[in-house]
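Here is the structure we will look at, set down as structure tokens.
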Amino acid sequence: MKIGVLGAGRMTEALAGRWITAGHEVFIGGRTPDKAAGLAERLGAAGSGSLREAAGYGDVVLLAVLREGLEDTLAAAGAAEGALAGKTVVDVGNSVDTTTYTQVTWDGRSMSERAAELAPGSHLVKAFNLAYSEVWKTPPLYGGRPLAVPYAGDDEAKPAARRLIEDVGASPLDAGDLSQTRHLEAMGAVVIRRLFGGADLSSTFAFLASDK
Ligand SMILES: NC(=O)c1ccc[n+]([C@@H]2O[C@H](COP(=O)([O-])OP(=O)(O)OC[C@H]3O[C@@H](n4cnc5c(N)ncnc54)[C@H](OP(=O)(O)O)[C@@H]3O)[C@@H](O)[C@H]2O)c1
């Protein structure tokens with residue numbers, strides 16, 4: 001797949017690195033061009049540039065930005081003008097007030113639902129938000145079994161999400177439609193509270209792979 005990335009932080013470093021190893025072509029777009037270029041060079045990405053260029057690259061877009069930057073990032077990517085229309089957008093974001101460890105919503109809607117509103121015509125799916133970024137850098141095995149990664153969102157986006165979850169060595173677990181991303185983000189608050197409290201960085205909201 002050709003994957004354009006919005007955001008040049010820790011989650012991009014972890015996930016894009018694995019996807020490049022798996023044979024995908026990745027273009028890293030960032031608010032800070034030097035940071036995106038440096039990360040692209042370290043990972044051996046196909047290229048780097050602006051958020052708008054990343055939005056235009058390929059059929060899949062990784063959205064990996066802090067909640068505070070969601071609206072500015074999608075605006076700079078040209079989402080309101082249709083730059084993400086028809087594309088699968090994989091959102092890894094968490095939206096948590098880390099002073100109280102409570103989920104921050106947009107009138108009850110999740111960060112992924114807000115992203116979908118800001119990017120008309122795109123196909124949103126949320127995944128990878130329930131573990132620290134380091135977890136994604138190696139195949140996530142727990143007790144010898146692969147981690148099952150819940151994903152939720154639009155049906156059109158799910159085949160790509162499943163493939164990208166499998167490409168980090170994890171097992172996809174369908175958690176429902178876009179409205180269910182509210183619950184994945186709430187689970188994210190539980191994980192973040194534990195991590196900020198000093199839990200092992202490999203701790204995760206873990207489902208283990210099963211046939212059902
Ligand atoms: N790190 C984790 O372990 C982890 C785990 C699960 C989920 N997540 C979620 O994944 C998303 C990305 O996290 P990350 O750890 O990769 O973040 P990060 O390392 O802090 O990088 C954040 C990225 O967002 C960009 N950004 C755009 N607008 C911003 C603004 N107004 N304020 C701050 N940053 C802004 C930053 O731009 P610059 O490059 O210009 O700084 C940077 O590229 C977040 O929603 C986070 O909650 C993170």
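Predicted model only: the values in this text are computed from it and were never measured. As the structure lists them, so they are numbered: ligands from 1, and atoms in each ligand from 1.
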Where is the nearest protein heavy atom to atom 19 (O) of ligand 1: which residue, which atom, and how far? Arg10 N, 2.9 Å
I need the atoms of ligand 1 closer than 4.0 Å to a non-hydrogen atom of Gly7, numbered in the order shown. 43 (O)
Can you tell me if Arg109 has over 12 outside heavy atoms packed within less than 6.0 Å of its CZ? yes
So, is Ala8 polar-close to ligand 1, with some N/O to N/O distance under 3.5 Å? yes
I'd like to check whether Met11 has a polar contact with ligand 1, where a contact means an N/O of the residue lying under 3.5 Å from an N/O of the ligand. yes
What atoms of ligand 1 come closer than 4.0 angstrom to any heavy atom of Tyr132? 3 (O)
Provide the number and element of each atom of ligand 1 under 4.0 Å from a heavy atom of Glu68. 31 (N)
Pick from Leu63, Asp91, Thr73: the one approaching atom 27 (C) of ligand 1 most closely through a non-hydrogen atom: Thr73
Walk me through it: do Leu164 and Val60 pass the test side chain to side chain contact (heavy atoms under 4.5 Å, CB included)? CA-CA 10 Å; Leu164 293 173; Val60 175; 4.1 Å; yes
Please state which protein non-hydrogen atom is closest to atom 23 (C) of ligand 1 and give its distance, to 0.1 Å? Ala64 O, 3.9 Å
Does a side chain donor of either Lys126 or Thr181 reach within less than 3.5 Å of an acceptor in the other side chain? no
If you compare Asn94, Asn129, Leu201 by their heavy atoms, the one closest to atom 47 (O) of ligand 1 turns out to be Asn94
What is the closest protein heavy atom to atom 17 (O) of ligand 1, and at what distance does it sit? Leu66 CD2, 3.6 Å
Among all protein heavy atoms in this structure, tell me which lies nearest to atom 9 (C) of ligand 1, with the distance rounded to 0.1 Å. Val92 O, 3.4 Å
Kindly confirm or rule out an N or O of Arg67 lying under 3.5 angstrom from an N or O of ligand 1. no
Determine whether any heavy atom of Ala131 lies closer than 4.0 Å to an atom of ligand 1. yes
Nearest-contact summary for atom 40 (O) of ligand 1 - protein heavy atom, Å: Thr32 OG1, 2.4 Å
I'd like to know whether CD of Glu41 has more than 12 heavy-atom contacts from other residues, nucleotides or ligands below 6.0 angstrom. no
For ligand 1 and Val65, I'd like to know whether there is a polar contact (N/O to N/O, distance under 3.5 Å). yes
Selection from Ala127, Gly188, Gly69 by shortest heavy-atom distance to atom 28 (N) of ligand 1: Gly69
When you look at Trp19 and Leu43, which way does the side chain to side chain contact (heavy atoms under 4.5 Å, CB included) test go after all the steps? CA-CA 10 Å; Trp19 293 335; Leu43 296 178; over 6 Å; no
We want to know whether Thr99 and Asp97 form a side-chain donor-acceptor pair, criterion being a heavy-atom distance below 3.5 angstrom. yes
Reported CD1-to-CH2 distance for the pair Ile165 and Trp136, which is rounded to 0.5 angstrom: 8.0 Å
Quick one: look up the protein heavy atom nearest atom 21 (O) of ligand 1 and list residue, atom name and how far away it is. Gly9 CA, 3.3 Å
Report the distance from atom CZ of Arg194 to atom CZ of Phe205, rounding to the nearest 0.5 Å. 10.5 Å
So, are Arg163 and Glu166 salt-bridged, with charged N and O less than 4.0 Å apart? no
Heavy-atom closest pair, residues Phe128 and Val92: CB-CG1, 4.0 Å
Find all atoms of ligand 1 within a distance of less than 4.0 Å from any non-hydrogen atom belonging to Lys35, and give their numbers and elements. 38 (P), 39 (O), 41 (O)
Taking the six-membered ring of Phe27 (Phe, Tyr or Trp), confirm whether the NZ or CZ of Lys2 is under 6.0 Å from its centre and within 45° of its axis. no
More than 12 heavy atoms of other residues, nucleotides or ligands under 6.0 Å from CZ of Arg52: yes or no? yes
Shortest protein contact, atom 3 (O) of ligand 1 (heavy atom only): Ser133 N, 2.7 Å
Go through Glu13 and Arg10 one step at a time and tell me if the salt bridge (charged side-chain N to carboxylate O under 4.0 Å, His left out) criterion holds. CA-CA 5 Å; Glu13 176 152 18; Arg10 288 165 296 170; over 6 Å; no
So for ligand 1, is Thr12 a polar contact partner (N or O within less than 3.5 Å, distance only)? no
Looking only at protein heavy atoms, what sits closest to atom 36 (C) of ligand 1 is Arg31 NH2, 4.1 Å
Applying a strict 4.0 Å limit to heavy atoms, is Gly30 in contact with ligand 1? no
